[in-house]
Amino acid sequence: MSEYHNPVMLRECVEGLDIKSDGIYIDVTFGGGGHSQEILKHIGTDGRLFGFDQDDDARANADQIEHRSFTFVQSNFRYLKKYLRLHGVTQVDGILADLGVSSHQFNTPGRGFSTRFDGPLDMRMDTSQAISAKEVINEYDEKALHKTLGQYGEVKNAKTLAAAIVTARGQRPMETIGEFLDAIRKFAPRGRENKYFAQVFQAIRIEVNEELKALEEFLVQSAEVLKENGKLVIMSYHSLEDRMVKNYINKGKFYGEVEKDLYGNQIKPLQALTRKPIVASDNEINENNRARSAKLRIAEKI
């Protein structure tokens, strides 16, 4: 587990869950198990913790936890309700989600998440799925690439870049990160190359893993399985995720304004407990760079 990142805002996340010793809690992004191990310190023999993660490495970490109240589920959190039902659970007291890619995944060259290493064009969080970055880059048509780069990476010259990728792969299919970076390097703004490549990789990664669609499905299911006064604690690392989380907490929907009943009462399942997102302290950011972009939002089931 040491290869995984230090859990960001660990104290704030656990306090946000307001843990009861006999409660049922879900860590839907188990990863290295840092948050889960801390949650287990507050759970008694009558409590339960379910850890969700689709990554094989996370499964290996989960196998090291012998706490009798812990159950690992190797699945994407978009299937939250399905797997809770399989374990006889319909309602829970708290849910924690630490979104994004783990430091371990970024630091493993063979996973293809980082521009710092050459390796295969992969980016799959679930390595058993068929679609990887290689298929997106080499098989998506120009229109689909344009949409992916612009919508998920907010790449300014997305249309130009999409056309360039189609041209480059026409000469030879791209197999590695190095080949892909060589094909797009001249389109990066001078002096801002690293940020540009990060935006491009983010877009492709989100497409490969259907991250925003999975997040949307998870948020809706979370509100359905939380007990009254149950807590939802979510940490995001880029604006696309944070905007979805904020909108669903505040409006009960992802787009448009909150709906109201005949008496003017808002119709939504959650109530925000944090008016603004909680951010990491300067000390934590100095010790853990991953915390720099983290935004933590906490909500309660109404």
Before you tell me yes or no, could you show the steps for L86 and L84 under side chain to side chain contact (heavy atoms under 4.5 Å, CB included), namely the whole-Å CA-CA distance, both residues' side-chain angles and the distance that decides it to 0.1 Å? CA-CA 5 Å; L86 289 176; L84 287 180; over 6 Å; no
S132 versus V208, closest heavy-atom pair with distance: C-CG2, 3.6 Å
How would you list, by chain and number, every residue that makes a ring-ring contact (aromatic ring centres under 6.0 Å, His included) with H87, sequence neighbours excluded? F50
Would you call D55-R124 a salt bridge at under 4.0 Å N-O? no
Nearest 0.5 Å please: distance from the OG atom of S293 over to the CD1 atom of I285. 9.0 Å
Find the distance between OG1 (T148) and CG (L161) and round it off to the nearest 0.5 Å. 11.5 Å
Closest heavy-atom pair, I204 versus A133, reported as atoms and distance to 0.1 Å, is CG2-CB, 3.8 Å
Measure across G16 and V233 and return the closest heavy-atom pair with its distance rounded to 0.1 Å. C-CG2, 3.6 Å
For E179, is there an ion pair with R172 - N to carboxylate O distance below 4.0 angstrom? yes
In this structure, are over 12 heavy atoms from other groups packed under 6.0 Å from K213 atom NZ? no
Are F113 and F201 close enough that their ring centres sit under 6.0 Å apart? no
With a 4.5 Å cut-off on side-chain heavy atoms, are L40 and I65 touching? yes
Criterion side chain to side chain contact (heavy atoms under 4.5 Å, CB included) on V14 and L96, from CA distance to verdict: CA-CA 9 Å; V14 173; L96 169 66; over 6 Å; no
To the nearest 0.5 Å, what is the distance between CG (L121) and CD (E175)? 8.0 Å
Check the hydrophobic clustering (I, L, V, M, F, W, Y; side-chain heavy atoms under 4.5 Å; chains of links allowed) and say if Y152 and M125 are grouped together. no
Linked, directly or transitively: I26 and L10 (ILVMFWY side chains, under 4.5 Å): no
Less than 4.5 Å apart, any side-chain heavy atom of H35 and any of F30? no
Candidate list K143, K147, H146, test side-chain contact (heavy atoms from CB on, under 4.5 Å), partner K159, passing option: H146
Criterion side-chain contact (heavy atoms from CB on, under 4.5 Å) against I234, the qualifying member of I95, D242, L99: L99
Quick one: is the NZ or CZ of R48 closer than 6.0 Å to the six-membered ring centre of Y25, and within 45° of its axis? no
A side-chain contact here means heavy atoms from C-beta on lying under 4.5 Å apart; do Q74 and D53 qualify? no
Exercise: do S128 and D126 side chains pair donor with acceptor under 3.5 Å: yes
NZ (K195) with more than 12 external heavy atoms under 6.0 Å: no
With sequence neighbours left out, write down each residue that passes salt bridge (charged side-chain N to carboxylate O under 4.0 Å, His left out) with E38, or none if nothing qualifies. K41
K81 side chain reached by V225 side chain, heavy atoms, under 4.5 Å: yes
Can you confirm whether I19 sits close enough to I43 that some side-chain heavy atom of one is under 4.5 Å from a side-chain heavy atom of the other? yes
Do R205 and E211 make a side-chain contact, defined as non-hydrogen atoms from C-beta onward lying under 4.5 Å apart? yes
Would F180 and F197 count as a close aromatic pair, with their ring centres under 6.0 Å? no
A quick test of your reading: do over 12 heavy atoms of other residues, nucleotides or ligands sit less than 6.0 Å from OH of Y79? no
Apply the side-chain contact (heavy atoms from CB on, under 4.5 Å) test between L270 and each candidate in L219, I302, L226; give the one that qualifies. L226
Side chain Q266, main chain K268, donor-acceptor under 3.5 Å: no
Tell me whether R185 is salt-bridged to D182, with the criterion being a basic N under 4.0 Å from an acidic carboxylate O. yes
CG/N194: more than 12 non-hydrogen atoms of other groups inside 6.0 Å: no
What's the shortest heavy-atom distance between M174 and A183, and which atoms? SD-CB, 3.8 Å
NZ-SG distance between K231 and C13, expressed to the nearest 0.5 angstrom: 14.5 Å
Are F77 and F52 near enough that their ring centres are under 6.0 Å apart? no
Between the CD1 atom in I278 and the CE atom in M235, the distance rounded to the nearest 0.5 Å is 10.0 Å
So, do T71 and L49 sit near enough that their side-chain heavy atoms are less than 4.5 Å apart? no
Atom NZ of K295: over 12 foreign heavy atoms under 6.0 Å: no
Would you please test R169 and I137 for side chain to side chain contact (heavy atoms under 4.5 Å, CB included) and show each step? CA-CA 8 Å; R169 76 190 190 195; I137 291 168; 5.7 Å; no
Looking at K246, I want to see if its NZ is surrounded by more than 12 non-hydrogen atoms of other residues, nucleotides or ligands under 6.0 Å. no
Thinking salt bridges, do R290 and D98 make one under a 4.0 Å N-O criterion? yes
Quick one: does V155's side chain get under 4.5 Å of Q199's, heavy atoms only? yes
Same hydrophobic cluster for I249 and V92, using side-chain heavy-atom links shorter than 4.5 Å among ILVMFWY? yes
Look only at the side chain of N265 and the backbone of D261, and say whether a donor-acceptor pair between them is shorter than 3.5 Å. no
Filter on ring pair (Phe, Tyr, Trp, His ring centres under 6.0 Å), then keep only pairs touching residues 253-285, sequence neighbours left out; what's left? Y248-F254
Considering non-hydrogen atoms only, spot the tightest contact between Y196 and I184 and give its length. CE2-O, 4.5 Å
Between D93 and K20, does the salt bridge (Lys or Arg N to Asp or Glu O under 4.0 Å) criterion hold? Intermediate values first, please. CA-CA 8 Å; D93 296 280; K20 297 181 291 187; 3.0 Å; yes
Taking every heavy atom of G34 against every heavy atom of P7, the minimum-distance pair comes out as CA-CG, 3.5 Å
Rounded at 0.5 Å granularity, tell me how far CE in M244 sits from OG in S236. 11.0 Å
Do L240 and L145 sit in one hydrophobic cluster, given that two such residues count as connected whenever their side-chain heavy atoms are within less than 4.5 Å of each other, even indirectly? no
Please tell me whether I298 and L215 are part of a single hydrophobic cluster in this structure, the criterion being side-chain heavy atoms less than 4.5 Å apart. no
Tell me whether E15 at atom CD has more than 12 heavy atoms from other residues, nucleotides or ligands lying less than 6.0 Å away. yes
